[in-house]
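Report on one structure; see the data block that follows.
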Amino acid sequence: MSMVEMPKNYDSALEEERILAKWLDGGFYARNEGPGDCTVVIPPPNVTGMLHMGHALDDTIQDTFIRFNRMRGLSTRWILGTDHAGIATQTKVDKKLKSEGISRLEIGREKFLNACWDWTHEYGGIIVEQIKRMGCSVDFDDEKFTMDPDYARAVRKVFCDWYHDGLIYRGKRIVNWCPSCTTAISDDEAEYQDEGGHLWYLRYPLKEPVDGREYIVVATTRPETMLGDTGVAVSPEDPEKAALVGATVVLPIVNREIPIFSDWHVDAGFGTGFVKVTPAHDPNDYAMGAAHDLPQVNIFDEHAVVVEGYGEFSGMTRDECREAVVAWFEREGLLDHVEDHDHSVMHCYRCDNTLEPWLSEQWFVAVDKLKGPATDVVKNSQVTFHPERWTQTYLTWMENLKDWCISRQLWWGHRIPVFYCDACGWEDALEEDLDVCPKCGAPLRQDEDVLDTWFSSQLWTFATQGWPNNLQEMEGHHPTKALVTARDIIALWVARMVMSSLYFTDQIPFEDVVIYATILAKDGSRMSKSKGNGVDPMDLINMYGADAMRFNLLTLVTNNQDVRFDADIKDGKLLGSPRTEAARGFVTKIWNAARFVGMNLEGYEPGEPSVQTPADAWIFSRLAKLSANVTKGIEEYRFGDVARDLHQFFWSEFCDWYIELSKAALKGSAEERLAAQRNLVFVLDVALRLLHPAMPFVTEAIWEQLPTSAGQPALMMAAWPEPENLASWINEEAEKSIGLTVATVSAVRAVRARYGLSPKTEIACAVKASQADAEALLSQADLVRNLANLSVLEVGPEVARPAESAVTVEEGCEIYCDLAGMVDFAAERARLEKDRAELQKDIDKLAKKLSNPGFLAKAAQEIIDKDTAKHADLCDQLARIDAQLAELV
RNA sequence: GGGCGUUUGGCGCAGCGGGAGCGCAACUGCCUUACAAGCAGUAGGUCGUAGGUUCAAAUCCUACAACGCCCACCA
């Protein structure tokens with residue numbers, strides 16, 4: 001296809017496939033060597049499913065940033081990978097197997113892991129294809145996975161080093177246990193949900209009456225846990241109960257004798273002021289139990305079913321047990337009363353089951369030594385958050401950080417590399433497997449648990465770059481430049497990467513953390529599968545093209561923390577997205593501007609751009625400023641501003657005016673035509689380069705047709721228009737001069753529209769302007785005549801106003817359109833009077849301001865000067881309108 | 001309970017101390033050979049409420065309201 005043959009509409013599906021193949025075949029996605037480094041790691045998507053709008057936004061931002069830096073010649077590489085997402089994937093695979101009538105427990109660990117790998121390959125492949133279709137220039141030839149052998153070695157080394165350095169320890173703790181997934185999950189993975197519940201007031205008899213009291217009353221939301229009570233606590237600041245401290249309670253049902261003691265955890269004002277203490281089933285009670293040496297009685301098994309030894313209650317689930325216990329108390333007359341009580345309950349973020357605080361043996365990372373350095377690098381701005389406010393989120397989390405439970409009772413994940421000898425009690429963390437005990441020779445047993453997914457993904461910036469075996473590979477490419485991610489994993493992931501990277505590489509993992517807004521549905525609710533209101537990025541690409549989706553997404557990148565995505569969805573099907581459609585309109589606009597240039601290239605010879613007309617000087621000046629704004633904007637991650645700047649320039653300046661202005665020159669002499677061609681090609685070429693990071697496909701498709709691309713491999717590898725190379729084009733006078741042209745043409749067009757005069761009707765126009773302005777305008781008299789369809793254009797300081805004319809006052813000029821015999825002047829009079837009233841209002845306002853002594857005394861001189869000039873200008877305009885009104889009969 | 005964000009024309013959003021903007025939608029007129037997914041023009045807002053600071057407030061401060069998010073706690 002040549003530029004002359006470009007079809008009217010850009011076929012995104014056709015071009016995207018072709019261009020993508022060209023980029024991939026060209027090997028352009030591999031590392032680009034150069035001075036300065038811009039290595040970026042993709043936040044690895046979970047292999048659990050398809051990409052959603054969050055990924056689309058995330059990846060668009062990164063790709064725009066990467067393409068920009070690649071064009072600037074930096075050493076760029078965008079590292080691709082996916083995350084095994086332990087619990088999430090295991091849940092999905094479990095479900096899939098269950099639907100086939102297969103149970104995980106039946107087939108065993110090895111076969112189950114094979115099923116997980118199959119799943120990973122299938123969905124990992126889909127995700128990679130989707131990333132490709134978005135135009136993301138990641139290094140597809142070197143895809144990482146958090147369970148790759150190399151990666152696994154890195155994970156294992158980290159575990160062993162921390163184990164031997166004393167940062168990893170094992171302990172019996174209360175953890176958030178999911179009885180359905182039968183695993184511990186971290187605090188960060190637990191979700192609180194408010195639920196309506198009850199407070200049951202239970203009577204616990206005292207062994208010996210105290211001051212005549214035979215029983216005390218405790219209030220609880222979880223009566224079933226009373227089977228595990230080993231104490232009753234009161235507040236130390238509760239004088240009424242002081243006498244009871246030290247007394248003994250006989251726990252109903254189990255007849256256990258338990259003490260009453262005082263502890264600061266207790267709030268005397270809540271319930272009865274007596275708290276039943278169940279150290280094995282509540283984090284606070286655990287702490288109290290530890291402080292007061294209470295036994296820990298575990299009443300639940302891993303499925304939250306009551307264990308043996310509790311008579312009729314054994315074998316009951318939590319809920320059954322609750323009912324039975326309450327019934328028992330009621331029957332025995334020990335149920336004092338019941339109140340409604342709303343409270344929040346922890347749920348598993350995966351299966352949504354109610355979590356059970358459960359005492360079990362788990363592995364932990366001690367964070368004391370890690371949090372200090374990780375706090376410092378953010379406080380001293382080595383790591384910078386964009387927008388800046390997320391710094392606080394990070395620091396607050398870091399400050400309140402508790403030891404991290406890293407073991408999970410799952411199969412899919414990195415198995416904990418701790419080996420035990422049951423014969424002699426030997427135990428160690430090993431980087432290589434060992435079969436027999438080095439001490440006694442007995443067979444060894446490896447820990448059954450796997451590591452939390454975040455334990456492996458915390459190494460993402462360096463374990464994807466050769467660490468620890470090939471430190472050469474990382475050299476110069478770590479720290480990475482930017483991490484672009486969602487705010488909900490600042491704590492889970494970002495913070496942990498900082499901690500581990502500082503510990504193992506002595507470097508921060510990245511310099512900038514870019515937090516993008518959460519994309520919400522049109523009505524402000526979260527997009528979710530269950531609601532069926534989620535937008536599939538692939539649907540958007542199919543409907544509007546990847547460039548349109550990307551551009552639309554970039555316009556959404558502002559300081560906001562949420563954005564509503566304006567898409568209509570019905571039953572999970574995308575009906576349309578007005579803003580993406582508008583973005584596609586922009587793509588089409590770019591395509592057609594290029595098509596115009598292509599249609600006018602006959603006789604073109606390569607050559608430098610040159611200023612022939614004020615319009616040339618003006619567009620070059622605008623282009624130079626655009627380059628500066630776009631460059632700075634991308635450097636500062638202000639993608640919304642960048643998108644708006646590009647749109648404004650290309651559409652409102654280049655297309656609406658420069659192309660229109662160039663039409664006359666294209667019809668001029670051979671020299672004028674050639675100069676115009678060269679200038680059009682030049683501006684289009686630079687504009688395409690500036691647009692390319694945001695809209696890679698359409699710009700590449702056009703650019704390869706441009707004469708300036710001859711002999712060059714691809715726009716994505718072409719040089720970035722550096723602001724300093726264009727700065728000499730900046731020309732304020734030219735911008736002013738085109739301002740006059742625009743004002744004149746607009747004035748005539750407005751007059752036409754106002755009086756319903758056809759664009760085909762020629763109008764005689766006269767402009768009264770200063771000598772300098774008149775000269776500037778006259779230099780483009782032909783253009784103005786053309787654009788406004790004028791029969792005559794008269795310009796000068798002494799031009800006379802035709803008797804029956806419409807007058808526009810703008811830019812210090814008076815623009816007269818001779819309308820003799822064409823219109824009703826009563827309307828013109830009314831319009832002028834309306835203008836006059838508005839002017840008068842502005843003048844009064846300004847006059848008031850300028851007569852305010854406070855303003856004159858305190859305002860900056862330049863503001864005063866500006867307002868004074870403005871006031872004079874408005875008064876001048878008013879005088880002109882008055883004069884015109886006087887002349888209108 | 002602590003923190004954060006948002007509130008600007010019908011819709012989606014910029015602006016964040018000196019005369020209220022953009023895109024879409026609306027209305028009017030144009031099929032002007034790059035583009036009707038276009039062009040030209042018009043209309044529409046006392047910038048959530050109430051105070052305060054300032055010569056000057058959409059913009060800064062305080063309180064309040066609505067909506068949303070995060071963290072903590074809830075025997």
Side-chain angles (χ1 to χ4, degrees), chain A residues 6 8-10 187-188 192 194 197 199 218-222 225 232-233 265-267 270-278 282-285 288 341-345 387 389-390 392-393 396-397 400 487-488 490-491 517-518 520 522 524-526 544 552 555-556 558-566 578-579 581-600 640-641 644 647-648 651-652 655-656 659-660 663 745-746 749-754 756-760 789 842 845-846 849 852-860 862-864 866-867 870 874:
Chain A
M6 285 171 74
K8 249 186 178 180
N9 287 327
Y10 169 69
D187 291 344
D188 307 285
Y192 282 92
D194 281 330
L199 256 185
V218 299
T220 180
T221 55
R222 302 200 54 199
T225 63
V232 171
H265 281 90
V266 181
D267 170 6
F270 187 91
T272 59
F274 289 103
V275 179
K276 59 188 271 315
V277 178
T278 324
D282 181 276
N284 274 331
D285 292 6
M288 287 195 272
H341 179 70
D342 293 343
H343 58 146
S344 62
V345 178
R389 81 181 98 90
W390 298 111
Q392 204 45 52
T393 303
T396 304
W397 184 82
N400 300 323
R487 65 168 179 273
D488 50 349
I490 291 176
T518 303
L520 304 175
K522 195 179 177 180
S525 63
R526 274 184 175 278
Y544 301 111
N552 181 25
T555 61
L556 300 178
T558 65
N559 271 322
N560 243 315
Q561 67 180 19
D562 298 312
V563 288
R564 296 180 177 204
F565 195 82
D566 198 14
R579 297 192 70 195
E581 193 176 333
R584 182 181 59 184
F586 185 39
V587 172
T588 309
K589 188 72 179 176
I590 296 169
W591 180 257
N592 278 294
R595 188 161 163 261
F596 170 81
V597 173
M599 289 169 74
N600 287 284
D641 292 342
R644 272 178 282 279
H647 186 273
Q648 159 74 21
W651 200 311
S652 306
C655 291
D656 285 354
I659 285 188
E660 294 307 321
K663 284 177 179 173
V745 173
S746 298
R749 285 173 179 169
V751 166
R752 267 185 212 289
R754 199 182 308 137
L757 300 176
S758 158
K760 286 177 179 163
N789 190 23
D842 286 350
K845 225 162 94 185
L846 265 180
K849 191 173 176 184
N852 181 341
F855 175 71
L856 295 171
K858 297 193 179 173
E862 59 186 75
I863 299 294
I864 296 174
K866 203 180 123 198
D867 283 349
K870 187 80 206 168
L874 291 180

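Chain A is the first sequence line, chain B the second, and so forth, proteins listed ahead of strands; every chain is numbered from 1.
For the pair A:K8 and B:U33, the criterion of a side-chain N or O lying under 4.0 Å from OP1 or OP2 is not met.
The residue A:R487 sits close only to the backbone: its heavy atoms come under 4.0 Å of sugar-phosphate atoms, none of a base. In this structure, A:E660 reaches the bases: a heavy-atom distance under 4.0 Å links it to at least one base atom across the strands shown. A:I659 comes within 4.0 angstrom of a nucleotide base, judged by non-hydrogen atoms across all strands. At the heavy-atom level, A:A859 lies under 4.0 Å from base atoms of the strands shown. As judged by a 4.0 angstrom heavy-atom cut-off over every strand, A:L874 is placed among the base-contacting residues. At a threshold of 4.0 angstrom between heavy atoms, the contacts of A:A860 include nucleobase atoms, whether or not backbone atoms are also involved. In this structure, A:V266 reaches the bases: a heavy-atom distance under 4.0 Å links it to at least one base atom across the strands shown.
Atom name P, nucleotides B:C22 and B:C69: the rounded distance is 33 Å, in whole Å. Nucleotides B:C64 and B:C4, compared at atom P, are 14 Å apart to the nearest Å. Taking the C1' atoms as reference points, B:A66 lies 43 Å from B:G29, given to the whole Å. Here, B:C67 and B:C61 have their P atoms 24 Å apart, quoted to the whole Å.
One atom, CG of A:N789, and another, P of B:C30, lie 15 Å apart when rounded to the nearest Å. The CZ atom of A:F855 sits 13 Å away from the C1' atom of B:G17 (whole-angstrom rounding). Protein atom CG of A:N552 is 13 Å distant from nucleotide atom P of B:A14, rounded to whole Å. For A:W390 and B:C70, the CH2 to P distance is 10 Å, given to the nearest whole Å. Distance, A:D842 CG to B:G18 P: 17 Å, rounded to whole Å. Protein atom CG of A:D566 is 16 Å distant from nucleotide atom P of B:G10, rounded to whole Å. Here the C1' atom of nucleotide B:C13 and the CG atom of A:D562 are 14 Å apart, to the nearest Å. As a whole-Å value, the separation of A:R564 CZ from B:C24 C1' is 16 Å.
Across the interface with RNA chain B, nearest-nucleotide mapping of A:D641 and A:D285 shows A:D641 to be the residue nearer the 5′ end. Summary of the strand contacts: A:K276 and A:F596 both lie near RNA chain B, and taking for each the nucleotide with the nearest heavy atom, the more 5' one is attributed to A:F596.
A salt bridge links A:D562 with A:R487: at least one charged nitrogen is closer than 4.0 Å to a carboxylate oxygen.
The closest side-chain heavy-atom distance from A:T558 to A:R644 is below 4.5 Å. Counting heavy atoms from C-beta outward, A:R389 and A:N559 have side chains that approach closer than 4.5 Å. Between A:V587 and A:Y544, the closest side-chain pair of non-hydrogen atoms is not below 4.5 Å.
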For A:T225 and A:K276, run side chain to side chain contact (heavy atoms under 4.5 Å, CB included): C-alpha distance rounded to whole Å, both residues' side-chain angles, the deciding distance at 0.1 Å, then the answer. CA-CA 9 Å; A:T225 63; A:K276 59 188 271 315; 2.7 Å; yes
Please evaluate residues A:E660 and A:V745 with respect to the criterion side chain to side chain contact (heavy atoms under 4.5 Å, CB included), reporting the C-alpha separation (whole Å), side-chain torsions for both, the decisive distance (0.1 Å), and the verdict. CA-CA 12 Å; A:E660 294 307 321; A:V745 173; over 6 Å; no
Please write out each protein N/O paired with an N/O of nucleotides 37-41 of chain B under 3.5 Å, distance rounded to 0.1 Å.
unit_1	atom_1	unit_2	atom_2	d
B:A37	N3	A:T588	OG1	3.2
B:G38	O3'	A:K589	NZ	3.2
B:C39	OP1	A:K589	NZ	2.9
B:C39	OP1	A:W651	NE1	2.6

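A:N560 places no side-chain N or O within donor-acceptor distance of the main-chain N or O of A:V563, the cut-off being under 3.5 Å.
Base-pairing analysis of RNA chain B finds the following stems of at least three consecutive Watson-Crick or G-U pairs, with both pairing distances under 3.5 Å: B:1-7 with B:65-71, B:10-13 with B:21-24, B:26-30 with B:38-42, B:48-52 with B:60-64.
Comparing atom distances between the A:R389 side chain and each of B:C24, B:C4, B:A34 picks out B:C4 as nearest.
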